Amino acid sequence: TSSALRSAGRHDTAVQRHARASADFSARLAAAQAVLRQAAASGRVAQASSLGAEDVVITDIIRRLRLDIPVFVLDTGMLHTETLALLERTQALPGLTVEVYRPRQEAVIEFIRAQGQDAMYRSIELRKRCCGIRKMEPLERALKGRDGWITGLRREQSNARADVPAIDTSEVTATGRTKFNPLADWTLGDVWHYVAEHQVDYNPLHDQFYPSIGCAPCTRAITLGEDFRAGRWWWEDESAKECGLHVSASTPEKAPA
């Protein structure tokens with residue numbers, strides 16, 4: 001069972017399990033810093049943070065470089081208690097602006113009234129509608145007037161992200177925004193090495209085998225050998241496992257209908 005597979009390492013932390021720097025980690029860190037400096041100089045940009053391991057690393061680099069880059073978080077109304085606690089601690093960090101965007105309450109109420117609290121399990125269409133209300137519409141507000149945004153996407157995370165560039169201009173025509181992915185070529189070991197080296201505060205759910213953390217109903221722990229994103233929307237086909245925040249280069253960002 002999942003609990004049995006995890007029990008052998010129940011006293012391990014995510015840092016102990018994963019912190020293994022690449023041989024060229026220093027170069028990768030320098031490249032990430034350069035991308036963030038370029039982002040800061042490119043206009044009105046912000047970091048989109050899910051408060052996952054990659055995002056807290058990026059926030060820490062932004063703070064250490066003293067870059068004028070605000071952070072925004074999408075509080076979907078369905079986040080884990082641990083994530084909300086980390087959000088509060090992040091908001092308390094000196095020298096950092098953290099903006100929180102929430103879904104429109106009337107849209108949430110209408111959806112739940114019509115489809116029920118657990119609609120996301122019934123069909124991909126309903127799950128994507130829930131993501132549209134709770135994530136995509138708030139994202140549109142968060143990005144309004146921005147010239148670019150910064151994400152924690154890494155090529156190693158999934159097949160769908162295997163070609164993620166450090167600086168993605170493919171959306172400029174459709175949205176006017178550049179997407180900056182400073183950790184695009186980092187490994188999971190690089191991320192956790194940085195967390196360990198700089199004592200970065202992170203979501204304790206990572207210690208409980210949650211490598212990718214989203215809304216509570218749509219996230220579970222994974223077992224040894226499972227794909228990095230296996231705990232996200234685990235009841236769906238692999239090809240459907242994106243909420244819409246990170247669409248393909250040929251698809252404009254927009255909320256699902």
Side-chain angles (χ1 to χ4, degrees), residues 32 35-105 107-108 130-154 157 164 166-168 171-172 174-184 191 200-203 212-216 218-219 242-247 252-256:
V35 169
L36 287 170
R37 288 192 179 98
Q38 183 171 339
S42 68
R44 193 158 175 256
V45 300
Q47 180 200 356
S49 175
S50 67
L51 299 167
E54 289 85 0
D55 293 324
V56 298
V57 164
I58 292 172
T59 299
D60 189 76
I61 297 173
I62 287 171
R63 290 184 66 232
R64 288 177 183 275
L65 295 179
R66 298 183 180 180
L67 298 175
D68 184 17
I69 298 175
V71 176
F72 70 82
V73 175
L74 306 181
D75 179 359
T76 65
M78 300 290 276
L79 299 180
H80 295 82
T81 301
E82 293 88 345
T83 305
L84 293 172
L86 178 57
L87 171 58
E88 290 185 350
R89 297 196 300 273
T90 304
Q91 289 175 305
L93 291 172
L96 188 68
T97 299
V98 180
E99 304 166 357
V100 180
Y101 291 83
R102 297 179 173 87
R104 298 195 186 281
Q105 193 62 22
V108 173
C130 188
C131 287
I133 292 167
R134 295 183 183 276
K135 291 184 177 181
M136 295 304 297
E137 190 280 328
L139 177 69
E140 287 187 351
R141 281 185 274 127
L143 293 179
K144 188 174 182 180
R146 306 277 189 198
D147 299 307
W149 55 313
I150 299 161
T151 84
L153 294 182
R154 293 186 299 109
Q157 286 170 334
V164 167
I167 300 176
D168 186 353
E171 299 172 3
V172 171
T175 68
R177 288 184 291 269
T178 300
K179 184 186 286 186
F180 298 89
N181 308 302
L183 307 187
V191 172
V200 180
D201 188 12
Y202 65 87
N203 194 323
S212 177
I213 304 169
C215 293
C218 299
T219 308
E242 290 287 353
C243 61
L245 265 67
H246 304 297
V247 292
E253 300 158 36
K254 64 179 181 180

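Just so it is clear, the structure is predicted and the values come from calculations on it, not from any experiment.
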Could you pull out all residues at least two apart from [X] that satisfy salt bridge (Lys or Arg N to Asp or Glu O under 4.0 Å)?
X	value
Arg44	none
Arg37	none
Asp201	Arg89
Arg154	Glu54, Glu156

Can you tell me if Arg63 uses its side chain to pair, donor with acceptor, with the backbone of Ile58 under 3.5 Å?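 Judged by distance alone, no pair lies under 3.5 Å.
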
Look only at the side chain of Ser42 and the backbone of Ala39, and say whether a donor-acceptor pair between them is shorter than 3.5 Å.
->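 Side chain of Ser42 to backbone of Ala39, a donor-acceptor pair under 3.5 Å: yes, one is there.
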
(request) Could you pull out all residues at least two apart from Thr219 that satisfy side-chain hydrogen bond (donor to acceptor under 3.5 Å, both in side chains)? (result)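 Partners of Thr219 by the side-chain hydrogen bond (donor to acceptor under 3.5 Å, both in side chains) criterion come out as none, since no residue qualifies.
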
To the nearest 0.5 angstrom, please state how far the [atom1] atom of [X] sits from the [atom2] atom of [Y].
X	Y	atom1	atom2	answer
Glu88	Leu93	CD	CG	12.5 Å
Asp68	Ile62	CG	CD1	10.5 Å
Glu140	Thr175	CD	OG1	11.0 Å
Ile150	Leu36	CD1	CG	5.0 Å

Any heavy-atom pair between the side chains of [Y] and [X] that's under 4.5 Å?
X	Y	answer
Leu51	Thr90	yes
Val57	Leu183	yes
Ile69	Val45	yes
Lys135	Cys215	yes
Tyr101	Leu139	no

Do any side-chain atoms of residues 70-80 form donor-acceptor pairs under 3.5 angstrom with protein atoms, and if so which ones, sequence neighbours left out?
unit_1 : atom_1 : unit_2 : atom_2 : d
Asp75  : OD1    : Gly77  : N      : 3.1
Asp75  : OD2    : Arg102 : NE     : 3.3
Thr76  : OG1    : Met78  : N      : 3.1

**OP:** Report the C-alpha distance between Thr59 and Gln47 in whole Å, list the side-chain angles of each, state the deciding distance to 0.1 Å, and finish with yes or no for side-chain hydrogen bond (donor to acceptor under 3.5 Å, both in side chains).
**Re:** CA-CA 8 Å; Thr59 299; Gln47 180 200 356; 2.7 Å; yes

**Request:** Kindly determine whether Leu87 and Val100 satisfy side chain to side chain contact (heavy atoms under 4.5 Å, CB included), including the steps that lead there.
**Result:** CA-CA 9 Å; Leu87 171 58; Val100 180; 4.1 Å; yes

